[in-house]
Amino acid sequence: MNQVREPAFDRAVGRVLRVGAFACFFIMVGGLGAGLFLSGHIPADIERVGVLLIIATPVVRVVVACFLFFREKDYRHGWISLGVFLILMMGALFGMGEH
Amino acid sequence: MVTVLLLVLGFFAGLLGALTGIGGGVLLTPILALHFGIPIREAIGTSLVAVITTSAASSSVHLQRHTTDIRLGMTLELATSLGAAVMAYLVGYFNRGVLEGLFAAFLLYSSIMILSKGGKVKPEDESSPAVNGDLVIPPYEPKRYPLGLGASLVAGAMSGLLGIGGGPIKVPVMFIFMSVPLMVATATSNFMIGVTAAASAMVYYRRGDILVQIAAPLAVGVFVGSLLGARLAPRIHTRVVMYLLVGVMLYLAAHLTFHLLRGGV
């Protein structure tokens, strides 16, 4: 924002978060519902998809913002977003192979 | 039965979070550890999923109101996500006692902070008149970025360590030192929590510290609770709810300390 208000930018980023949160909610409800009728690993697999989707939602939000910054030729914030994305990916690598 | 209890727990954590501005992670982690017998590291990882859900749901509302400074948030996220990822990695080497002790200290500190402010933690509405449904935000230019980045690094590390949002650090720093209006600081902090928690959550997930069958009912409950809380917030006396929250936090701090001294159950 910094003085300039950009409703379209806010809307696009907000939409990513809303879609991610609602999709995660419905998938997890689906997983919990499946747990009532199904045994085995299917309910847990559905819930895992929901968990991964909600973790991925902020990452997608960073990617979308990065794309929008570069499209607006705001290179400074475009590179900053790319940096945040790389740190997130580094975080994913950090936990690899540990238990 | 456990699933129903987790749904209810998530619902109340989300409701309290939306009513008081204190994220659900503060309550969820100790309750999962103490009452569901989940090791504290898994409890932290699992509650991070609920923290991301709350942030995604609530910051989409703030974005609709155009009160979030995406550029400022993205810049500070460089520090929060780095702090969160590194600390989440280091947590793998901490033992249970250290984590429980730190969490109990954090609960105690938060309770004292709330009590010292007389039960107020949410920003007052900055007499922001609505013009055509839009909130009016005074012009500003964020200052002292190095300080903001330093505080964000600490907030991120706290998030990776304890599975919390870190708002109580970021909001005052943005407001007091960076000259950001309080309404924008709160919305931007909320916006940053999702990415910060995601940075930690990926490390916890890869390490096997997120229990999906616990996280799913919690996230569903938190989602519904925070949506309801956001609607109820203007109609409820938040100070009463805040004292209730302080009571719960003090109980959890005492229980965690007792649990720690006994060497776990």
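Lettering of chains follows the sequences in order, A, B, ..., and the numbering in each one begins at 1. Heavy atoms only: backbone and side chains are in, while hydrogens, waters and symmetry mates are out.
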Under 4.5 Å from a heavy atom of chain B, the part of [X] involved:
X: A:Leu32; value: side chain
X: A:Val84; value: both
X: A:Leu86; value: neither

Between A:Val62 and B:Val195, is any pair of side-chain heavy atoms under 4.5 Å apart?
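In contact.
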Taking the side chain as everything from C-beta on, heavy atoms only, tell me whether A:Leu52 gets closer than 4.5 Å to B:Met202.
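No, side chains not in contact.
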Would the number of heavy atoms belonging to other residues, nucleotides or ligands and lying under 6.0 Å from CZ of A:Phe85 be above 12?
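No - once you tally the heavy atoms of other residues, nucleotides and ligands closer than 6.0 Å, there are 12 at most.
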A quick test of your reading: do over 12 heavy atoms of other residues, nucleotides or ligands sit less than 6.0 Å from CZ of A:Phe67?
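No, CZ of A:Phe67 has 12 or fewer neighbouring heavy atoms, counting only those of other groups under 6.0 Å.
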Select, from B:Thr3, B:Leu63, B:Leu7, the one with the greatest count of heavy-atom pairs under 4.5 Å involving chain A.
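Answer, by heavy-atom pair count under 4.5 Å with chain A: B:Leu63.
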Relative to chain A, which of B:Ser55, B:Gly73, B:Ala57, B:Pro217 shows the most heavy atom pairs under 4.5 Å?
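If we count pairs closer than 4.5 Å to chain A, B:Pro217 comes out on top.
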Could you measure the distance from the [atom1] atom of [X] to the [atom2] atom of [Y]? Nearest 0.5 Å is fine.
X: A:Leu88; Y: B:Ser81; atom1: CG; atom2: OG; result: 5.5 Å
X: B:Ile70; Y: A:Arg61; atom1: CD1; atom2: CZ; result: 7.5 Å
X: A:Ile54; Y: B:Phe223; atom1: CD1; atom2: CZ; result: 8.0 Å

Looking only at heavy atoms, which two atoms of [X] and [Y] are closest? And how far apart?
X: A:Glu47; Y: B:Val212; result: OE1-O, 3.9 Å
X: B:Tyr205; Y: A:Arg48; result: OH-NH1, 3.0 Å
X: A:Ile80; Y: B:Met74; result: CG2-O, 3.6 Å
X: B:Ala56; Y: A:Leu17; result: O-CB, 3.7 Å

Picking from A:Gly83, A:Cys66, A:Ala21, A:Ala65, which has the most non-hydrogen pairs under 4.5 angstrom with chain B?
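With the most close heavy-atom pairs to chain B, the winner is A:Ala21.
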Top contributor to chain B interface from A:Gly20, A:Cys24, A:Ala44, A:Gly50 [non-hydrogen pairs under 4.5 Å]
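Greatest number of close heavy-atom pairs with chain B: A:Ala44.
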With a 4.5 angstrom heavy-atom cut-off, which part of [X] approaches chain A: side chain, backbone, both or neither?
X: B:Thr75; value: both
X: B:Met192; value: backbone
X: B:Leu48; value: neither

A:Val51 and B:Ile210: side chain to side chain contact (heavy atoms under 4.5 Å, CB included), yes or no, with the steps?
CA-CA 9 Å; A:Val51 166; B:Ile210 292 181; 4.2 Å; yes
Intermediate values then yes/no, side chain to side chain contact (heavy atoms under 4.5 Å, CB included), A:Met90 and B:Leu82
CA-CA 9 Å; A:Met90 183 189 77; B:Leu82 184 67; 3.8 Å; yes
Take A:Phe25 and B:Thr53 through the side chain to side chain contact (heavy atoms under 4.5 Å, CB included) test and state the conclusion after the steps.
CA-CA 9 Å; A:Phe25 171 76; B:Thr53 309; over 6 Å; no
Checking an interface table here. Which of residues 8-16 of chain A come within a heavy-atom distance under 4.5 Å of chain B?
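Listed by number: A:Phe9, A:Asp10, A:Val13, A:Gly14.
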Cationic tip of B:Arg71 above A:Phe69 ring, under 6.0 Å, 45° of axis
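Not satisfied by the 6.0 Å and 45° rule.
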